Amino acid sequence: MMRTRPLKVALLGCGVVGSEVARIMTTHAADLAARIGAPVELAGVAVRRPDRVRAGIDPSLITTDATALVKRGDIDVVVEVIGGIEPARTLITTAFQHGASVVSANKALIAQDGAALHAAAEEQGRDLYYEAAVAGAIPLIRPLRESMAGDKVNRVLGIVNGTTNFILDKMDTTGAGYQEALDEATALGYAEADPTADVEGFDAAAKAAILSGIAFHSRVLLDDVYREGMTEVTAADFASAKEMGCTIKLLAICERAADGGSVTARVHPAMIPLTHPLASVRGAYNAVFVESEAAGQLMFYGPGAGGSPTASAVLGDLVAVCRNRLAGATGPGDSAYAALPVSPMGEVVTRYHISLDVADKPGVLAQVATVFAEHGVSIDTVRQQGKDGEASLVVVTHRASDASLSGVVEALRGLDTVRGVASIMRVEGE
């Protein structure tokens with residue numbers, strides 16, 4: 001039997017995502033009510049610019065006083081889509097204190113303060129859901145947190161930023177340079193006027209922190225995530241990747257150590273084999289590859305950003321939270337019982353692709369090979385090309401630690417036959 005009294009929802013933010021949330025709540029009101037077991041009512045919308053026209057939203061619902069809205073006491077669920085750390089953090093904790101559960105799309109805040117927010121929600125017996133914080137419309141957090149709760153996840157490997165994937169895909173398929181591909185992404189609306197958060201890996205790092213914490217039941221903070229941007233990736237890197245049967249992606253990689261005693265979380269460009277499912281992810285799409293003991297290998301794929309896709313994830317959380325509200329229950333909260341430490345990047349073991357500019361003369365390869373051997377790094381393949389006294393030398397290693405490879409690079413730069421290190425890229429997905 002459906003309850004007639006509606007559940008009241010406060011919306012914080014009415015931009016690209018917020019306006020879509022409001023639209024879907026209105027146009028799909030009957031379906032949402034049937035799925036929840038009670039009507040949902042948009043009770044207020046907090047914005048910064050109240051004079052802007054917002055089609056389909058009753059102007060009487062618009063307010064600039066977000067604090068007063070979340071303090072009303074009759075609000076059942078607060079949907080936060082304003083982003084950033086403050087005032088979002090204060091508004092969310094205030095909402096809990098005044099009896100509301102919260103649905104958020106705020107990856108930066110969850111990555112930085114997720115533990116404190118979960119604790120605040122638990123103290124008040126309320127829910128904190130944030131499916132939309134990672135990979136847009138792709139169901140990912142709930143499967144990791146609920147569907148795989150009985151499994152042991154060992155690795156999460158993913159493309160979690162559509163802007164960078166669009167740029168790298170253009171460089172791969174058209175031969176465009178980085179700036180040319182970025183300009184096209186900006187013109188199409190995939191990249192912001194200031195793309196730093198995307199291309200330098202900050203956005204992906206926040207998502208990696210969230211995924212690591214959920215997958216490994218451990219506290220992983222944003223500062224724990226190693227981050228490396230993709231602005232130095234060149235057309236020459238893609239040419240080298242193709243010669244290896246690979247392409248290049250900006251990856252978020254969350255791993256449990258082989259001995260199970262620690263985890264790592266990192267974001268950086270990497271070569272992956274064309275045979276890997278992530279290699280075929282094109283344009284601005286996202287995909288996340290999960291490896292677990294019982295389920296094996298799973299891949300989640302779809303649009304990772306945009307108003308409608310992100311709103312879809314927000315509304316999914318809204319339905320779940322409203323159902324919990326009616327049942328007088330709460331859903332899964334924070335799970336950090338494993339408390340696994342986060343290992344530094346220097347301990348990460350992977351393969352490497354190193355491109356060197358060297359003198360084209362006898363003995364160079366032997367010198368380079370000796371440096372690798374002295375640092376305990378085994379060479380898989382070597383390719384050398386040269387003319388007119390200059391040459392390029394490409395070395396692909398077997399698996400080695402980041403610290404060992406750093407020692408190799410420092411020693412190589414000390415050789416008079418090595419003119420420079422053109423590029424270093426990790427090889428993943430094997």
Side-chain angles (χ1 to χ4, degrees), residues 2-50 52-83 88 91-92 94-96 98-106 121 126-139 141-142 302-303 305-327 330-331:
M2 183 176 295
R3 191 180 84 165
T4 56
R5 183 167 61 84
L7 293 162
K8 294 189 176 184
V9 177
L11 179 61
L12 307 183
C14 198
V16 173
V17 176
S19 60
E20 274 297 290
V21 170
R23 183 189 67 80
I24 295 172
M25 283 185 63
T26 302
T27 58
H28 295 178
D31 286 339
L32 290 172
R35 294 166 190 171
I36 292 168
V40 286
E41 174 189 313
L42 189 59
V45 181
V47 299
R48 285 183 298 175
R49 294 187 272 283
R52 181 176 295 177
V53 176
R54 294 173 172 85
I57 298 178
D58 183 347
S60 68
L61 297 178
I62 301 297
T63 179
T64 57
D65 194 342
T67 301
L69 179 59
V70 300
K71 281 183 172 181
R72 273 177 39 174
D74 65 335
I75 300 297
D76 295 288
V77 184
V78 169
V79 174
E80 182 271 310
V81 288
I82 57 178
L91 290 170
I92 288 174
T94 301
F96 291 141
H98 287 78
S101 290
V102 173
V103 172
S104 176
N106 196 330
R126 297 296 177 242
D127 276 321
L128 173 63
Y129 276 46
Y130 42 88
E131 183 68 62
V134 180
I138 304 171
I141 289 178
R142 193 172 289 116
S308 293
T310 305
S312 171
V314 170
L315 267 296
D317 278 352
L318 178 63
V319 169
V321 169
C322 285
R323 286 172 174 170
N324 292 343
R325 190 85 171 186
L326 289 178
T330 55

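Model, not experiment: these values are computed from the prediction.
- Across all their heavy atoms, Leu128 and Ala121 have their closest contact at CB-CB, 4.2 Å.
- Residues Thr63 and Asp65 have side chains that never bring a donor and an acceptor to within less than 3.5 angstrom of each other.
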Would you sort out whether Val102 and Val77 count as a side chain to side chain contact (heavy atoms under 4.5 Å, CB included), showing the intermediate values? CA-CA 6 Å; Val102 173; Val77 184; over 6 Å; no
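- Separation of atoms CD1 (Ile24) and CG (Leu315) is listed at 5.0 Å; rounding is to 0.5 Å.
- With Glu80 contributing its side chain and Ile82 its backbone, the two residues share a donor-acceptor pair below 3.5 Å.
- Nearest heavy atoms, Leu69 versus Leu12: CD2-CD2, 4.1 Å.
- To the nearest 0.5 Å, atoms NZ (Lys71) and OG1 (Thr94) are separated by 6.0 Å.
- Annotation: the span from His28 atom NE2 to Asp31 atom CG amounts to 7.0 Å, rounded to 0.5 Å.
- Of the listed residues (Val78, Asp127, Val321), just one forms a side-chain contact (heavy atoms from CB on, under 4.5 Å) with Val103, and that residue is Val321.
- A distance of 9.5 Å separates CD of Glu131 from CD1 of Ile138, quoted to the nearest 0.5 Å.
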Given the rule in the side chain to side chain contact (heavy atoms under 4.5 Å, CB included) test, do Met25 and Val40 qualify, once you have shown the distances and angles that lead to the verdict? CA-CA 8 Å; Met25 283 185 63; Val40 286; 4.3 Å; yes
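- Between Asp317 and Arg142 there is a salt bridge, since at least one side-chain N of the basic residue sits less than 4.0 Å from a carboxylate O of the acidic one.
- The two atoms that bring Val16 and Ser19 nearest to each other are O-OG, 3.3 Å, heavy atoms only.
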What do the steps show when you test Asn106 against Tyr130 for side chain to side chain contact (heavy atoms under 4.5 Å, CB included), and what is the final call? CA-CA 7 Å; Asn106 196 330; Tyr130 42 88; over 6 Å; no
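- In terms of heavy atoms, Val81 sits closest to Gly18 at CG2-CA, 3.8 Å.
- The shortest non-hydrogen separation linking Asn324 to Gly331 is ND2-N, 3.3 Å.
- Side-chain contact between Arg54 and Val47: present, with at least one pair of heavy atoms (C-beta onward) separated by less than 4.5 Å.
- Put simply, the side chain of Arg323 gets close to the backbone of Arg35: a donor and an acceptor are under 3.5 Å apart.
- Pairing each heavy atom of Leu7 with each of Asp76, the nearest pair is CA-OD2, 3.3 Å.
- Ser312 places no side-chain N or O within 3.5 Å of a backbone atom of Ser308 that could act as its donor or acceptor partner.
- Distance CG/Asp74 to CD/Glu41: 8.5 Å, rounded to 0.5 Å.
- Atom OG1 of residue Thr67 and atom NE2 of residue His98 lie 10.0 Å apart, to the nearest 0.5 angstrom.
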Go through it in stages, so that I can follow the logic: the residues are Val9 and Ile75, the test is side chain to side chain contact (heavy atoms under 4.5 Å, CB included), and I'd like the CA-CA distance, side-chain angles, deciding distance and then a yes or no. CA-CA 6 Å; Val9 177; Ile75 300 297; over 6 Å; no
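- Side-chain atoms of Leu42 and Leu11, non-hydrogen and from C-beta on, do get closer than 4.5 Å to each other.
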